[in-house]
*Asks:* 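First, the structure itself, so that you have it in front of you.
Computed over heavy atoms, backbone and side chain alike; hydrogens, waters and symmetry mates excluded.
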Amino acid sequence: MRPDRLNPLFAEADSLEGVGPKLKKPLEKLGLTRVRDVIYHLPDRFVQRRAVTDLDEAAEGEQIVVALTPVEHRAPRNNRGPYRVLAQDVKGNVLALTYFGRASYTAKKQLPVGETRWVAGRLDRYGDMLQIVHPDHVAESSAGLMGHLVEPVYSLAEGLTQPRVADLVAQSLDRTPELPEWIEPGLLDKHKWPAWRDALALAHRAEHPEARDRLAYDELLANSLALLLVRADNRRRKGQPLQGDGRLRSKLRLPYSLTGAQRRSIGEIEGDMAQPHPMLRLLQGDVGSGKTVVALEAMLIAVEAGAQAALLAPTEILARQHYDTLRQLAAATGVQIALLTGRDKGRARESILIGLMDGSIQIVVGTHAIFQETVGYKNLGLVVIDEQHRFGVSQRLLLTQKGKLTPHTLSMTATPIPRTLVLAQYGEMEVSQLDEMPPGRQAIDTRVIAVERLPEVVDGVARHLESGSQAYWVCPMVREHESEDIAAAEARFAALQHRFGDQVVLVHGQLRPEIKDAAMERFSSGGAKLLVATTVIEVGVDVPSATLMVIEQAERFGLAQLHQLRGRVGRGSAKSVCLLLRSAELSETGKQRLALMRETQDGFRLAEEDLKLRGGGELLGTRQSGDTPFHIADLEQIQRLLPLAHDDARLLVERDGGLTGERGEAARLLLYLFERDWGVQLLRGG
Ligand code: ADP
Ligand code: MG
């Protein structure tokens with residue numbers, strides 16, 4: 001249970017004054033549902049304003065505070081036009097205060113003709129006219145505004161204004177209690193970090209790198225601490241030692257021999273599974289490095305030892321594909337494998353549930369449906385989680401509550417993660433790396449092409465299809481509204497269908513599952529030649545005869561994501577091509593990123609470089625800020641402070657693993673504050 005002293009912070013945002021149903025929505029859009037979220041809604045930047053006596057003193061583009069006297073109100077000529085208030089400075093220079101939409105009501109009230117007002121805003125020019133669009137403040141005296149010469153700028157959603165957010169932040173800070181210190185005092189001194197509550201207040205008031213660092217550090221510390229508590233808890237847990245005798249594995253008829261890396265990983269997994277506490281291992285391997293067969297070997301070990309294994313996939317498409325692959329590979333072993341997804345209903349589902357209960361089904365593949373309340377296992381010994389970055393640590397913990405004894409867990413990811421982020425994401429696990437590709441893979445010929453050359457690209461696709469090969473066409477998911485992205489993908493599909501007829505199929509996240517599967521099925525069986533898709537094909541889809549991929553608006557994707565997408569081709573022995581279509585206007589960093597894609601196919605190198613480029617401040621695309629588990633710490637801070645936080649957390653867990661000492665108690669508050677309280681729950685269980 002959350003400590004009482006944190007309750008004010010976890011009160012709903014609509015308990016703040018002035019937040020009614022109307023504001024609730026935009027606040028939710030920003031993720032601000034509780035007071036806690038509001039205090040952590042840190043400014044994107046600050047405006048620095050200059051007080052000027054007249055407009056001659058100010059430069060265009062400058063943020064100013066100036067005294068103005070309205071001389072005339074001009075209503076718009078039509079609905080769309082702005083409402084303008086013409087006003088004079090002390091020298092008689094005229095400027096327009098310009099308002100769009102409903103803001104004009106405010107203008108009417110605040111700016112009576114003939115009465116001097118102090119106005120704060122950005123000086124611009126519109127034609128020959130100086131103007132300030134939507135002044136930030138209008139006040140009757142200078143006193144009010146002079147205190148606002150430095151002001152935070154918050155990210156907003158429609159319906160919110162800067163002053164409104166500033167007010168909510170102020171109210172929230174008022175309700176924020178002082179909390180005992182969880183950071184080691186030496187560290188605090190060394191970096192001159194303020195205390196927690198002070199740091200929050202400072203970070204909202206002005207640029208304050210120490211305050212921002214401290215708050216970022218808190219978040220990193222909370223994360224590391226929670227992960228290390230999971231790790232410690234795991235060591236205390238009883239697991240089921242599973243030692244296979246090899247009788248099933250020896251019946252596998254693989255069409256290739258395993259790479260050294262696969263063999264090594266299997267060995268590491270085998271070693272873990274034989275232990276009396278549960279395995280917590282991550283199998284990290286680039287796209288195409290051959291993780292599936294490693295998973296299969298692990299599952300067969302479990303079955304040989306008399307237990308069951310479950311493979312959890314993030315999507316139905318992937319679950320189905322894994323099911324097919326595993327059944328083929330394991331056909332000679334006689335092992336019973338079942339597929340269970342959310343769509344299975346009625347009798348088919350019943351019989352699978354019975355099979356899992358009585359143990360006649362030894363391996364089950366599925367989506368998270370396999371872990372629903374109603375699904376019981378006879379003896380679940382191993383859980384394999386594919387593409388595990390889609391599941392949070394807490395979800396993972398839930399999964400392992402299934403067996404009587406905690407099952408072994410093998411997580412698999414193809415996301416090449418820079419070293420620093422491995423700690424952040426998987427700090428509780430041991431890591432096996434598939435750092436060797438199966439032999440015979442050809443380099444994927446990657447080219448960057450301006451979108452103006454789209455017609456040529458389509459001709460290229462036509463030649464490719466005529467030669468009997470298949471291709472992917474990827475449309476990005478980047479707009480604010482998913483429906484617009486879907487519309488864009490559908491429009492592209494329609495255009496390509498117009499040219500290529502029913503050889504083209506479409507897959508996106510909003511299609512009914514049956515339709516999606518049918519399309520995928522047609523493509524993987526070779527019936528359809530061109531698959532138009534959003535990024536749902538990002539992970540795992542395996543169609544070796546597809547050797548061309550076109551990616552639209554490639555600059556909008558993260559490099560890691562582009563890399564994963566590109567990994568869908570180059571799966572067979574034929575030469576593959578990836579065409580990255582880029583927009584006409586591309587920033588320098590954008591160019592560099594795409595050039596990197598052309599240069600290397602090493603996912604780990606791409607991830608490191610991407611982090612460097614993005615750490616420099618540029619964020620492109622919408623998913624990129626979301627690929628770390630952090631909201632406060634930015635990439636630069638993660639790189640600089642995470643190793644520190646991780647060591648600090650390790651020391652704390654070593655010295656006070658129960659978090660019962662003074663600092664330990666404070667650290668519990670920290671875990672709740674950053675909602676890593678599953679870390680605390682474990683303490684009670686253990
Ligand atoms: P991923 O790591 O992306 O999940 P997969 O397990 O899907 O990779 O394997 C990619 C492809 O490589 C599959 O077609 C698989 O049959 C093949 N493969 C896996 N291991 C080997 C190997 N040792 N030698 C040759 N091909 C392999
Ligand atoms: Mg895979």
Side-chain angles (χ1 to χ4, degrees), residues 39-46 152 155 181-196 198-228 284 389 393 415-429 431 558-560 589 592-593 596 604-620 623-653 663 666-667 670-671 673-674 676 679:
I39 59 173
Y40 276 115
H41 190 56
L42 300 179
D44 288 341
R45 56 193 171 84
F46 287 84
S155 54
E181 188 55 74
W182 45 74
I183 296 182
E184 213 259 308
L187 198 65
L188 214 59
D189 281 352
K190 184 174 156 214
H191 294 279
K192 304 201 167 48
W193 285 341
W196 175 72
D198 297 338
L200 279 168
L202 288 167
H204 282 285
R205 201 177 303 148
E207 306 267 5
H208 199 302
E210 288 83 12
R212 292 290 283 237
D213 274 0
R214 191 246 139 89
L215 298 174
Y217 184 85
D218 287 345
E219 186 179 38
L220 299 170
L221 182 64
N223 189 66
S224 286
L225 192 56
L227 293 177
L228 290 170
Q284 201 185 10
H389 63 290
V393 184
T415 313
I417 305 168
R419 275 181 300 276
T420 29
L421 290 187
V422 172
L423 266 191
Q425 234 115 297
Y426 308 112
E428 90 279 26
M429 292 193 247
V431 179
L559 285 188
T589 317
Q592 284 178 32
R593 295 165 79 249
L596 261 172
F604 289 93
R605 170 147 183 246
L606 281 170
E608 296 285 349
E609 299 285 339
D610 199 22
L611 186 64
K612 268 190 225 149
L613 287 173
R614 290 157 52 202
E618 182 169 356
L619 288 177
L620 284 163
R623 290 193 41 188
Q624 294 191 43
S625 47
D627 58 7
T628 79
F630 304 116
H631 298 103
I632 312 296
D634 64 24
L635 287 170
E636 187 278 322
Q637 287 170 319
I638 294 171
Q639 293 184 80
R640 184 161 45 87
L641 299 174
L642 180 63
L644 217 59
H646 205 74
D647 283 347
D648 196 11
R650 196 183 347 242
L651 275 178
L652 182 57
V653 173
R663 205 183 146 209
L670 174 71
L671 290 171
L673 193 57
F674 282 100
R676 303 299 203 273

*Asks:* Quick check: do Glu207 and Pro43 have side-chain heavy atoms less than 4.5 Å from each other?
*Replies:*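 With C-beta onward as the side chain, the pair stays apart.
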*Asks:* Quick one: list whatever passes side chain to side chain donor-acceptor pair (under 3.5 Å) with Asp634, sequence neighbours left out.
*Replies:* none
*Asks:* Any side-chain heavy atom of Leu225 within less than 4.5 Å of one from Arg676?
*Replies:*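 A side-chain contact is absent here, since even the closest heavy-atom pair is not under 4.5 Å.
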*Asks:* What's the shortest heavy-atom distance between Gln284 and Val431, and which atoms?
*Replies:* OE1-CG1, 4.0 Å
*Asks:* Is the shortest heavy-atom distance from the side chain of His191 to the side chain of Glu210 under 4.5 Å?
*Replies:*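 Result no, sub-4.5 Å side-chain heavy-atom pair not found.
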*Asks:* Distance from Leu202 atom CG to Trp193 atom CH2, nearest 0.5 Å?
*Replies:* 14.5 Å
*Asks:* Can you check whether Leu221 reaches Leu652 side chain to side chain, under 4.5 Å on heavy atoms?
*Replies:*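 A side-chain contact under 4.5 Å is absent here.
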*Asks:* State, with a plain yes or no, whether a side-chain heavy atom of Leu642 is found less than 4.5 Å away from one of Ser224.
*Replies:*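 Yes, side chains in contact.
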*Asks:* Measuring from His204:NE2 to Leu42:CG, what's the distance to the nearest 0.5 Å?
*Replies:* 5.0 Å
*Asks:* State whether the side chain of Glu219 and the backbone N or O of Ile632 hold a donor-acceptor pair below 3.5 Å, judged by distance alone.
*Replies:*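 At least one qualifying donor-acceptor pair exists.
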*Asks:* Do Glu609 and Gln592 have side chains that approach each other closer than 4.5 Å (heavy atoms only, starting at C-beta)?
*Replies:*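 Answer no - side chains too far apart.
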*Asks:* Within the distance-only criterion (no hydrogens, no angle test), does the side chain of His208 pair as donor or acceptor with the backbone N or O of Ala201 below 3.5 angstrom?
*Replies:* no
*Asks:* Under the side chain to side chain donor-acceptor pair (under 3.5 Å) rule, collect the residues that match up with Asp218, sequence neighbours excluded.
*Replies:*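 Checked Asp218 against side chain to side chain donor-acceptor pair (under 3.5 Å); matches are Trp182, Arg214.
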*Asks:* I need the minimum non-hydrogen distance between Glu428 and Leu227, along with the two atoms involved.
*Replies:* CB-O, 3.0 Å
*Asks:* If you take all heavy atoms of Ala216 and Leu641, which pair is closest and at what distance?
*Replies:* CB-CD1, 4.5 Å
*Asks:* Check Ala222 against Leu671 and note the closest heavy-atom contact, atom names and distance.
*Replies:* O-CD2, 3.4 Å
